[in-house]
Amino acid sequence: GTMGTLGTDGQGTDAASAVEASVRSATHGMCKITGHLRDVCGWFNLLELSLNNCREVYGDIWDLAGLINLVTLDLDDTSITGSLEYLANITKLQFLSLRFCSDICGSTESLSKLKELREIRLTSCRMITGDLSDVAKLEKLTHLDLSFKEKVTGEVRTSDVLSLSDHTLEQRSIPVQSTTSGHIRRGSVVPMMKITGDLAELASLKNLEELALGHCKRLSGDMRSLRKLPKLKLLYLSGCTRVVAAMSETAVDNWEEARPDCKLYV
């Protein structure tokens, strides 16, 4: 893993002096970086802050509000708290990943004006609220994950920040009504994500490649509204009880016939 302290570049010097600064944890194993987010709040040239799996890094998202040049923010599986609203002015942000940050709150509405966003990964951020319409105008979005998943020890790392098409998901080989998937233990009581809205809200996202909405039980709509998304390669709706209840076996078969290039999980 990576060892160090926020506020230095690992050589004991102030990384804020760099014209284009980057703070990045190890891609595998437990990160050993320690410190508080306030230690980087003055690094106005910082382009990338990737501290995934750094569980000894603390602070509030508010500490990052002034880092308006950030392009990448990856705080997966850290002890960070705070509200999404403090990201609203980081308009250059392209990659946002807060997977398994259970103390993050706020609404996805705060992200609605971040027009450069390509990837939003809020896996298992159960306190976050919002509506699909909040992200519907983010035309550059390629990956959207608002689902719940159980955390697997050692799973979270930069190199595979939720590639939904990997072996951790079980492709549909069970009845369409089932909401059991490969990464939710059978018999588990699965928390509900608080996102609302209709699937049709996302039909305008022509660049979308992966869409994960598992266990967003308040969602409604017909998955066929997403069938014409030209780049969609993976659609994960397991545990979306209202959406799944409205499906029929025929509808799923028709999807797989019309979109053999897009894996469907229900």
Is it the case that over 12 heavy atoms from other parts of the model lie below 6.0 angstrom from the [atom1] atom of [X]?
X    : atom1 : value
E109 : CD    : no
E139 : CD    : no
R38  : CZ    : no
K206 : NZ    : yes

Pairing residues for [X] by the side-chain contact (heavy atoms from CB on, under 4.5 Å) criterion, not counting sequence neighbours:
X    : value
S220 : D198
K137 : K115
T72  : E48, S50, F95
L205 : L141, L202, L208

I need the minimum non-hydrogen distance between [X] and [Y], along with the two atoms involved.
X    : Y    : answer
S110 : E85  : OG-CA, 3.3 Å
L98  : C125 : O-SG, 3.1 Å
L213 : S147 : C-CB, 3.9 Å
S107 : L84  : O-CD1, 3.7 Å
M127 : D103 : SD-CA, 4.0 Å
S204 : A136 : OG-O, 3.2 Å

Taking only residues two or more places apart in sequence or in another chain, which ones pass salt bridge (charged side-chain N to carboxylate O under 4.0 Å, His left out) with R224?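 Salt bridge (charged side-chain N to carboxylate O under 4.0 Å, His left out) list for R224, sorted by chain: D222.
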Just by distance, do the side chain of [X] and the backbone of [Y] share a donor-acceptor pair under 3.5 Å?
X    : Y    : result
R118 : E116 : yes
S124 : K149 : yes
R259 : L229 : yes

Distance-only side-chain donor-acceptor flag, T196 / D131, under 3.5 Å: yes
Enumerate donor-acceptor pairs with a distance under 3.5 Å from any side-chain N or O in residues 61-71 to protein atoms, sequence neighbours excluded.
unit_1 : atom_1 : unit_2 : atom_2 : d
D63    : OD2    : D60    : N      : 3.0
N69    : OD1    : K92    : NZ     : 2.7
N69    : ND2    : F44    : O      : 2.7

Should [X] and [Y] count as side-chain neighbours, where that means a heavy-atom distance under 4.5 Å?
X    : Y    : result
K233 : D261 : yes
M193 : R126 : yes
L235 : W255 : yes

Transitively linked via ILVMFWY side-chain contacts under 4.5 Å: Y58 with L37?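 Result: no, two separate clusters.
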